[in-house]
Amino acid sequence: MTQFPTFRGRRLRGSPNLRRLVQETRLTPEQLLLPLFVLPGEGIRESVPSMPGVDRLSVDEMVRDAAEAHALGVGGVILFGIPEAKDSEGSGAWSEDGIVQKALGALRTEVPDLLRVTDVCLCEYTAHGHCGVLEEGEVRNDPTLELLARTAVSHARAGADLVAPSDMMDGRVGALREALDAEGFPQLPIMSYAAKYASAFYGPFRDAADSTPASGDRRGYQMDPANGDEALREVWADVEEGADILMVKPALAYLDIIHRVKSETGWPVAAYHVSGEYAAIMAAAERGWLDGEAAMSEALLSIRRAGADLILTYWARQFARIMG
Ligand code: PBG
């Protein structure tokens, strides 16, 4: 054991130069993905009250924000659609002229070099707000797989660079992989929301995406926050089915899971710093109770330190501005 006075931990904290030299963890804008909410229409920019600084955008306005993120060096955007109309199946999710498909087309021409990621799920498109086919109050697993695969293929055709299934049905990564391969997209990677918990921290997102379940909750398919070993089972299943990047969601309350997934798999790991985690810091900052910039930077750094290779965050542009 090294001991005082031979060991003085403060020696390496004595100047900014020394601190920078031995800094273990760095986070850069290219490791961040910015979530964007897209809705039909033109010139629309609606703020989301529970997510200060986040707007719901028509395609033209979304392109502006995406271009700004790109100019700031942000790694990419992940698109969430709010469709014109919802139905029991969620057919807006795979419609050729669906909102995400339109958004992809616009990004492909207007900001071609920006990485385009899509969230593959049905909850924004179903009238009941669940992430799959609902029969007698139950979300049916196997009939949902085909609809998710259809959605992913339609995103691929419209120009997605990476698809991210967030539904938590069993077998969906395999179903997507098979469909993408069969339709001519064997090179298109899948980022699976592998360990996604049934979390209270999604509240503000559901305001933004208009995806609160009309009845019941998501505990029948999303994971129990009490479980850690189960996350590893989910993660390995997704690896076997062909997932290329593994996501843990939410992030801050699950740093142990991020660490385990990274150290036990060695796979690329993403973490989603979700809406409620963002809102909590923003709300405290608005009241003057926290230094928002410092708290958000520290939160994101901790997620990276835990083992995430990339982070989905609503704060991506602000972070890039501070770094730049
Ligand atoms: C869709 C989906 C959700 C989020 C990402 N994809 C909502 C949910 O599962 O209820 C949440 C993201 C956030 O809270 O920022 N299934």
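Values reported hereafter were calculated over all heavy atoms of this structure, with side chains retained and with hydrogens, waters and symmetry mates removed. As the structure lists them, so they are numbered: ligands from 1, and atoms in each ligand from 1. This chain uses plain numbering: 1 for the first residue, then up along the sequence.
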- Decide whether the shortest distance between a heavy atom of E277 and an atom of ligand 1 is less than 4.0 Å. no
- Item | Closest candidate by heavy atom, reference atom 5 (C) of ligand 1, pool K249, R218, H130 | K249
- Message: Between Q222 (side chain only) and R219 (backbone N and O only), is there a donor and an acceptor less than 3.5 Å apart?
- Response: no
- Decide whether F37 and L114 are clustered together by the hydrophobic rule: side chain heavy atoms of Ile, Leu, Val, Met, Phe, Trp, Tyr closer than 4.5 Å, transitively. no
- Query: Under 3.5 Å, side chain of Q101 to main-chain N/O of S95, donor-acceptor pair present?
  - Reply: yes
- Message: Does ligand 1 come near enough to S211 that some N or O of the ligand is less than 3.5 Å from an N or O of the residue?
- Response: no
- Message: With a cutoff of 4.0 Å, is K196 in contact with ligand 1, counting heavy atoms of the residue only?
- Response: yes
- Query: Are the side chain of R172 and the backbone N or O of P165 linked by a donor-acceptor pair below 3.5 Å?
  - Reply: yes
- Determine whether any heavy atom of Y314 lies closer than 4.0 Å to an atom of ligand 1. yes
- Item | Distance filter under 4.0 Å to F80 heavy atoms, resulting ligand 1 atoms | 5 (C), 6 (N)
- Message: Consider ring-ring contact (aromatic ring centres under 6.0 Å, His included). Of F319, Y314, F201, W315, which one does Y278 pass it with?
- Response: Y314
- With heavy atoms and a 4.0 Å threshold, my read on which part of D167 contacts ligand 1 is neither
- Does NZ or CZ of K196 fall inside the cone over Y202's six-membered ring, less than 6.0 Å from its centre and within 45° of the axis? yes
- Note on the structure: The side chain to side chain donor-acceptor pair (under 3.5 Å) partners of S192 (sequence neighbours excluded) come to D238
- In ligand 1, which numbered atoms sit nearer than 4.0 Å to a non-hydrogen atom of R206? 8 (C), 10 (O)
- Item | Under 4.0 Å to a heavy atom of C123 - the qualifying atoms of ligand 1, by number | 1 (C), 16 (N)
- Message: Between ligand 1 and M168, can you find any atom pair, the residue atom being a heavy atom, that is separated by under 4.0 Å?
- Response: no
- Message: Which residue and atom name correspond to the protein heavy atom nearest atom 12 (C) of ligand 1, and how close is it?
- Response: F205 CD1, 3.3 Å
- Message: So does G129 get a backbone contact from the side chain of S211, meaning a donor-acceptor N/O pair under 3.5 Å?
- Response: no
- Query: Against heavy atoms of S166, which atoms of ligand 1 measure under 4.0 Å?
  - Reply: 1 (C), 2 (C), 6 (N), 16 (N)
- Query: Can you tell me which residue and heavy atom of the protein come closest to atom 14 (O) of ligand 1, and the distance to 0.1 Å?
  - Reply: S275 OG, 2.7 Å
- Query: Under 3.5 Å between some N or O of ligand 1 and some N or O of E124?
  - Reply: no
- Taking only non-hydrogen atoms of Y272 and a 4.0 Å limit, the atoms of ligand 1 in range are 12 (C), 15 (O)
- Item | E241: partners by side chain to side chain donor-acceptor pair (under 3.5 Å), with sequence neighbours left out | none
- Can you label the angle between the Y272 ring and the Y193 ring as parallel, tilted or perpendicular, going by 30° and 60°? tilted
